[in-house]
Amino acid sequence: AELEEFDMQKAEMFTTHIAMATQRVCNNEEVKDLDEDTWAEIIKSESYEKALAFSKKILKRAPVQCPESEKRFILLHLCNLLEK
């Protein structure tokens with residue numbers, strides 16, 4: 001309800017990533033962290049602050065504790081979802 005209109009394909013990618021991230025955490029598998037250049041671009045994104053706030057709400061309700069690398073990928077996908 002907090003998200004405005006969004007691209008269904010992007011929403012599906014985000015949903016898939018959340019499911020895969022949860023599975024990796026449950027299996028004690030680590031995802032390779034984003035490279036610093038990519039992370040710097042995410043932080044500069046117009047959608048970053050909104051994505052960060054939304055990710056905190058999602059992670060608060062998550063059934064697992066996500067490592068920082070997964071949190072960054074969640075932010076990447078949220079920024080992508082929120083971009084017009």
Side-chain angles (χ1 to χ4, degrees):
E2 293 181 41
L3 298 176
E4 294 139 19
E5 293 181 29
F6 54 86
D7 181 289
M8 187 55 91
Q9 185 176 5
K10 290 179 181 181
E12 289 171 1
M13 283 183 6
F14 174 71
T15 304
T16 299
H17 177 75
I18 291 290
M20 291 174 64
T22 302
Q23 188 64 48
R24 280 192 296 271
V25 171
C26 288
N27 292 339
N28 292 316
E29 299 170 4
E30 288 189 38
V31 68
K32 184 180 174 187
D33 206 354
L34 293 170
D35 64 77
E36 290 305 313
D37 291 338
T38 302
W39 182 239
E41 288 298 316
I42 293 166
I43 292 172
K44 288 187 238 176
S45 168
E46 283 182 25
S47 303
Y48 177 76
E49 291 300 323
K50 189 172 184 178
L52 182 61
F54 196 63
S55 73
K56 287 179 181 179
K57 290 179 182 182
I58 291 169
L59 293 170
K60 185 176 179 181
R61 293 176 176 89
V64 296
Q65 290 288 329
C66 288
E68 193 62 32
S69 57
E70 290 290 359
K71 290 177 185 178
R72 286 183 173 197
F73 273 101
I74 289 169
L75 281 167
L76 165 74
H77 287 286
L78 276 171
C79 284
N80 185 44
L81 179 63
L82 295 170
E83 294 288 315
K84 301 282 182 190

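Values in this document were obtained by computation on a predicted structure and should not be read as measured data.
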Participant: Can you list everything that forms a salt bridge (charged side-chain N to carboxylate O under 4.0 Å, His left out) with Lys60? Sequence neighbours excluded, please.
Facilitator: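 Salt bridge (charged side-chain N to carboxylate O under 4.0 Å, His left out) check on Lys60 returns nothing, list empty.
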Participant: Just jot down the side-chain contact (heavy atoms from CB on, under 4.5 Å) partners of Asn27, sequence neighbours excluded, or say none.
Facilitator: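 Testing Asn27 for side-chain contact (heavy atoms from CB on, under 4.5 Å), a comparison that skips the adjacent residues, returns Gln23, Glu29.
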Participant: Not counting sequence neighbours, which residues clear side-chain contact (heavy atoms from CB on, under 4.5 Å) with Leu34? List them please.
Facilitator: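 Listed in chain order: Thr38, Trp39, Ile42, Arg72, Phe73, Leu76.
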Participant: Would you please test Lys71 and Leu59 for side-chain contact (heavy atoms from CB on, under 4.5 Å) and show each step?
Facilitator: CA-CA 8 Å; Lys71 290 177 185 178; Leu59 293 170; 3.6 Å; yes
Participant: Which distance, rounded to the nearest 0.5 Å, do you find between the OG1 of Thr16 and the CE of Met20?
Facilitator: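 Atom-to-atom, Thr16:OG1 and Met20:CE are 8.0 Å apart.
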Participant: Does Thr22 have any side chain to side chain donor-acceptor pair (under 3.5 Å) partners at least two apart in sequence or in another chain, and if so, which?
Facilitator: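 By the side chain to side chain donor-acceptor pair (under 3.5 Å) rule, Thr22 matches no residue at all.
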Participant: Using the test side-chain contact (heavy atoms from CB on, under 4.5 Å), find all partners of Gln9 that sit at least two apart in sequence or belong to another chain.
Facilitator: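 Only Asp7 meet the side-chain contact (heavy atoms from CB on, under 4.5 Å) criterion with Gln9.
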Participant: Please, which pairs that meet salt bridge (charged side-chain N to carboxylate O under 4.0 Å, His left out) have at least one residue in residues 12-25, sequence neighbours excluded?
Facilitator: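 Matches after skipping sequence neighbours: Arg24-Glu70.
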Participant: How long is the straight-line distance from CD1 of Ile74 back to OG of Ser69, given to the nearest 0.5 Å?
Facilitator: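 Here the rounded value is 9.5 Å.
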Participant: Apply side chain to side chain donor-acceptor pair (under 3.5 Å) to Ser45 and list each qualifying residue two or more places apart in sequence or on a separate chain.
Facilitator: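 Scan of Ser45 (side chain to side chain donor-acceptor pair (under 3.5 Å), adjacent residues dropped) gives Glu83.
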Participant: Does the pair Gln65 and Val25 meet the rule for a side-chain contact (heavy atoms from CB on, under 4.5 Å), with working shown?
Facilitator: CA-CA 8 Å; Gln65 290 288 329; Val25 171; 5.8 Å; no
Participant: Mind checking what makes salt bridge (charged side-chain N to carboxylate O under 4.0 Å, His left out) contact with Glu41, not counting sequence neighbours?
Facilitator: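 Glu41 satisfies salt bridge (charged side-chain N to carboxylate O under 4.0 Å, His left out) with Lys44 once adjacent residues are dropped.
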Participant: Nearest 0.5 Å please: distance from the NZ atom of Lys10 over to the CG atom of Leu81.
Facilitator: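 Rounded to the nearest 0.5 Å, the NZ-CG separation comes to 7.5 Å.
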Participant: With sequence neighbours excluded, tell me which residues meet side-chain contact (heavy atoms from CB on, under 4.5 Å) with Ala51.
Facilitator: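 Testing Ala51 for side-chain contact (heavy atoms from CB on, under 4.5 Å), a comparison that skips the adjacent residues, returns Leu75, Leu78, Cys79, Leu82.
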Participant: Which heavy atom in Arg61 sits nearest to a heavy atom in Lys57, and how many Å separate them?
Facilitator: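 It is NH1-O, 3.2 Å.
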